[in-house]
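Just follow the structure's listing: the first ligand is 1, and inside any ligand the first atom is 1.
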Amino acid sequence: MLDQIKQDFGPRYTESYFERQFYTRDLAYIPNFLVSLVAKPLPEMVVRPVNAEEVSRIVTFASKNKTAVTPRAGGSTAVGGCVPANGGVVIDLNGLKGVVELNLDQEKVTVLPATTWAELDSYLRQQGYCVCSYPSSINAATVGGWLSGGGYGMGSIRFGPMVEQVSSLEVVLPSGEIKRLNRTTDPPLQWFAGSEGTLGIITQVEMKIRPIPESMGHYLIAAENSKALLQAARECVSELPDIIHNMHFNSKLLNDSLKRKGLTEEKLGDYHSLAIDLEEKNSSGLDETEDFLQKIVSKYGLAFMDQEIAMEEWETRFQSLKIMRVYPCLLGAEVLLPVASFHRYVEQVEALGRRAGVKMLTYGHVVSREGAVVMTLYPSDERQTWRYLCDTSLMREIYSIGRRLDAIPYLTGFWNTPYVKDIHSRKKLRELKRRKNLLDPGDIMNSGKVYRPPLLLQPNLYHLGMKTLGLVRRIWPKGVESHDRQ
Ligand SMILES: Cc1cc2nc3c(=O)[nH]c(=O)nc-3n(C[C@H](O)[C@H](O)[C@H](O)COP(=O)(O)OP(=O)(O)OC[C@H]3O[C@@H](n4cnc5c(N)ncnc54)[C@H](O)[C@@H]3O)c2cc1C
C-alpha cells in the first residue's frame, strides 16, 4: 500500500530527513532536547495530498498500520497541535486550496480546507461579498485550521465562533472513510469544531458569507488607566454587539515598546489603547453610534485618538507580531478570558512582570459580549537555552493569574495538555473522550494531543518542574531585560 502511495504521490511524498525536519516545529521554539524528552516530533514521512481521496488513502494506510497521523495546514499556532507527538505521517494539507462552489443566492461558499482566510476574502470581495469573521493571522491561517481550533477572531462578536457559520463539512474519518456532515448527521459537524485535528481531517467546508458592509467607522480610544478603558470596552460590547466588527486592546507597555522602534504613532506610546471598528448599513447609523461612543469616552474619562491614527491601527490590524521587530524572541501565553476580568488580568500580569523584571506585553480581541482572547508576550532569548527554559516558568504564572480570573488557555494542542482539566469541565472532558474513542479507537489521529498529557507533562510533574525553573530564574544573575534590544 505504501509503495503504491509513494509511486502515485511522486514528489508529494517524502522521507528525506532534511524535508521532514521542517515539520518538527510550529511558531513556538522549544529546545530540541526538551521536546525529545516528551514527544517524537520528527515524522517518518510527509505527504502532500491534493484531494479528499488522497487524504483518505493515507489515513487508511495509517489506520491499518496503527501509525500516527498529524494534519498540518498554515502551521500558525504555537501549542504543538500540528507537530507530531508520536512520529508517524504528517499530512501537509496545503495542496487542498481554493473555492469549490460559490452560491450567492444562499450566501454560501464551499471551500477547500487549506485556503487561507486572506485568499478566500479577497476572492469573495471581487464578487461584492466577504467572510463573516476571520483570525488576525488571516494571511497564514487556513479555513480548516481555524475551524479545528478556537474559531474566534475579528467579526466574532457579531457572528459568533466560526462553527456557527458552517452548514456542512466533508471530513476523512480516522478509518479513512470520507463523510459529509451537517448539524444533524451522526456524528454532527459541531464535533469537529475545536477538535484540533484529533477526530478527522476536514477536506471541505461550506459556510456563510455576506455582502461587503456599506459603511465602516474606525475609532481609537486611549487611556492611561487600563481599568477605565476595559470597563468602557465591556459597556460598548454589551450595547453594540450587532455592529462591532472588531475590538482590539493594546497595553501601554506594548504601545510603548512599539513606539520606541517607530512601529506605532509617537502619541500612542503613552497609553493603553482600544480600537473599535464598526460596520453599519449606512453612514447615518454610524453617526448615532458615534454619539454613543462619545458619551462612553466622557463617562470613563478617556480620549479619542486622531482619525489618521485610528485608520492606521485598522490598516495594520494583521500585524500583531510586529513587536518581534523589537524583541525577536518572545515567549507567551494566550487565554480566553471573561471581559469582566480583562482589566484585572492586565494589572496582575503587569505586576508579575515588574516582580520578574520583564516586560509583559498584552493585546487582546474582545470576541463576544462575555469573552476576550488575550495574548501576553514577554521577551526572552532562545540562544541561551537555560535562561530561555527558566523564562518559560512565567507562562505558568500567567496561566495561574488567568485561572484565578476564570480564564482558560485558548488552545490545548500538545503543550497545554497539563491544563486539560482546567480547560474543560469533568463532564465535557468525558464527552470529548467518548467521541474520540468512538471515532478513533486506535488513537491515530493527531495522537498525544488535547485529551491527556504525556507522562512528563502530568500536572503534578509539570507544575513542580515549572516552579523549580521559576526558582532558578529568580536567582539567575542576568535579567531578561538585558536582552532588550532598544
Ligand atoms: C499573528 C497571529 C494572530 C493570530 N490570531 C488568531 C485569532 O485571531 N484567532 C485564533 O483563533 N487564532 C489566532 N492565531 C493562531 C492561529 O493562526 C489560528 O488558530 C489558525 O486558525 C490556525 O490555522 P492553521 O492553518 O495555521 O492551522 P495549523 O497551525 O496548521 O493547525 C492547527 C490545528 O488544527 C489542525 N488542523 C489544521 N488543518 C486541519 C484540517 N483541515 N482538518 C483537521 N485538523 C486540522 C492541526 O492538526 C492543529 O491541531 C494567530 C496566530 C498568529 C501568529
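Closest to atom 12 (N) of ligand 1 by heavy atom, among Y363, Y134, Y410, is Y410. Which of G155, S195, S320, G145 comes nearest to atom 23 (O) of ligand 1 through a heavy atom is settled by distance: it is G145. The closest non-hydrogen atom to atom 9 (N) of ligand 1, taken over Y152, F414, W117, comes from Y152.
Atoms of ligand 1 lying under 4.0 Å from any heavy atom of W146, numbered from 1 in the order shown and given with element: 9 (N), 10 (C), 11 (O), 21 (O), 23 (O). Counting the atoms of ligand 1 from 1 in the order shown, those under 4.0 Å from a heavy atom of I201 are 42 (N), 43 (C).
Nearest protein heavy-atom neighbour of atom 14 (N) of ligand 1: S137 OG, 3.5 Å. Scanning the protein for heavy atoms near atom 41 (N) of ligand 1, the closest one is I202 O, 3.1 Å.
Heavy atoms of G200 approach ligand 1 to within less than 4.0 angstrom. Ligand 1 has at least one atom lying under 4.0 Å from a heavy atom of L27.
In this structure, Y134 has its ring center under 6.0 Å from that of H245.
When only interatomic distances are considered, the shortest N/O to N/O separation between S136 and ligand 1 falls below 3.5 Å.
Here the side chain of N416 pairs no donor or acceptor atom with the backbone of V79 at under 3.5 angstrom.
The shortest side-chain heavy-atom distance between F61 and M45 falls under the 4.5 Å cut-off.
The nearest protein heavy atom to atom 33 (C) of ligand 1 is not closer than 4.0 Å.
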